[in-house]
Protein chains: 2
Amino acid sequence: MYEKKIPKDLSCGLNIAIEVIGGKWKANLLANINKGMKRPSELHKSIPQASARVLNQQLAELEFHGIVSKKIFNVLPPKVEYSLTEGGKDVLEVLYSMKSWGEGYKKTFHDIIKYEGEIH
Amino acid sequence: MYEKKIPKDLSCGLNIAIEVIGGKWKANLLANINKGMKRPSELHKSIPQASARVLNQQLAELEFHGIVSKKIFNVLPPKVEYSLTEGGKDVLEVLYSMKSWGEGYKKTFHDIIKYEGEIH
DNA sequence: CCGAATCCTCGGCGATACTG
DNA sequence: CAGTATCGCCGAGGATTCGG
């Protein structure tokens, strides 16, 4: 279910990082979980661009990789909460690094995107 | 050519980082360029899992976003070299962060993958 | 060697409906 | 509310060809 068809060189730490947190929405999910949004419906609200189904898949992979843990409450209506594992908290450093760079790059980026809009 | 269909919230630095360097092979390309592999054929050899065409697309996006610059030599046979721009060098910090985390996570990761192989 | 153009395949993802 | 199953579309990306 979680097999990747493309055999990357997984002896390199960079590739492992890409594999584990490089998914389309994984960094966002982790950031939101860290902010305290733990339930699937909350996460979906904060990332409406992706369907609940896809977010579930990404969360399942994160859980499989040991980055988040899933707690299921047997109540009605059902309740599920995700949280970062101890090991998962280490990836926050990576997220901070990405966010920090992105903030600094924001102006340049938006200038480029604006230009792109004009030539279209 | 470079438009993204999915409108993310681009006011967040994290999303910008994902947008610019989150492509499937971009981090690898940047790492290899930084290592001194500058020609398309070299890059393709170092990342044989992706076709030359796809690598070209990713490089074009990196160039469009101002992370790498492309130098074309008008000689026969043709010669092209990519290099990091001044601004592009800043992303190396992010790559280091990812690689560092990945190295630390390597053992756990491979244990999980191994287990996955067994249950298949 | 570089890369544009073409064709074609395949799987990611949305939509919907259903169960617990 | 959470999660699975099914269907169908669309586009990313591989393979190939050609031109410079």
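Below, chains carry the letters A, B, ... as their sequence lines are ordered, and counting in each starts from 1. Excluded from the calculations below are hydrogen atoms, water molecules and symmetry mates; all remaining heavy atoms, backbone and side chain alike, are included.
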Rounded to the Å, how far apart are [X] [atom1] and [N] [atom2]?
X	N	atom1	atom2	answer
A/K26	C/dG12	NZ	P	12 Å
A/K38	D/dA2	NZ	C1'	18 Å
B/L55	D/dA15	CG	C1'	15 Å
B/W25	D/dG13	CH2	P	9 Å
B/E42	C/dC1	CD	P	11 Å
B/I47	D/dG13	CD1	P	13 Å
A/K71	D/dG3	NZ	P	15 Å

The side chain of [X] is closest to which nucleotide in this list: [options]?
X	options	result
B/V54	C/dC2, D/dC1, D/dG14	D/dG14
B/S51	D/dG14, C/dG14, C/dC1	D/dG14
B/K70	D/dA2, C/dC2, C/dG3	C/dG3
A/K24	D/dG3, C/dC13, C/dG14	C/dC13
A/P40	C/dA15, D/dG3, C/dC2	D/dG3
B/V80	C/dA5, C/dG14, C/dC2	C/dC2
B/P78	D/dG13, C/dC1, D/dG3	C/dC1
B/R39	D/dC1, C/dG14, C/dC1	C/dC1

Check: Without hydrogens or angle criteria, can the side chains of A/S83 and A/S69 be said to hold a donor-acceptor pair below 3.5 Å?
Finding: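 There is such a pair (donor and acceptor under 3.5 Å, judged by atom type) between the side chains of A/S83 and A/S69.
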
Margin query: Closer than 4.0 angstrom, basic N to acidic O: yes or no for A/E103 and A/K99?
Written below: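 Result for this pair is yes, salt bridge flagged.
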
Check: A/Y82, A/V75: one ILVMFWY side-chain cluster at the under-4.5 Å cut-off?
Finding: no

Margin query: Quick check: is A/I33 connected to A/F73 through a chain of hydrophobic side chains (ILVMFWY, heavy atoms under 4.5 Å apart)?
Written below: no

Next item on the list: With DNA chain C as reference, determine whether A/Q58 or B/N56 sits nearer its 5' end, using the nearest nucleotide of each.
Entry: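 Going by which nucleotide is closer to the 5' end, it is B/N56.
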
Next item on the list: Mind checking B/R53 for me? I need base, sugar-phosphate or nothing, with any heavy atom below 4.0 Å counting as a touch.
Entry: base

Next item on the list: Could you say whether A/K79 or B/L76 is positioned toward the 5' end of DNA chain D, judged by the nucleotide with the nearest heavy atom to each?
Entry: A/K79

Checklist line | Whether A/H44 side chain and A/R39 backbone form a donor-acceptor pair below 3.5 Å | finding: no

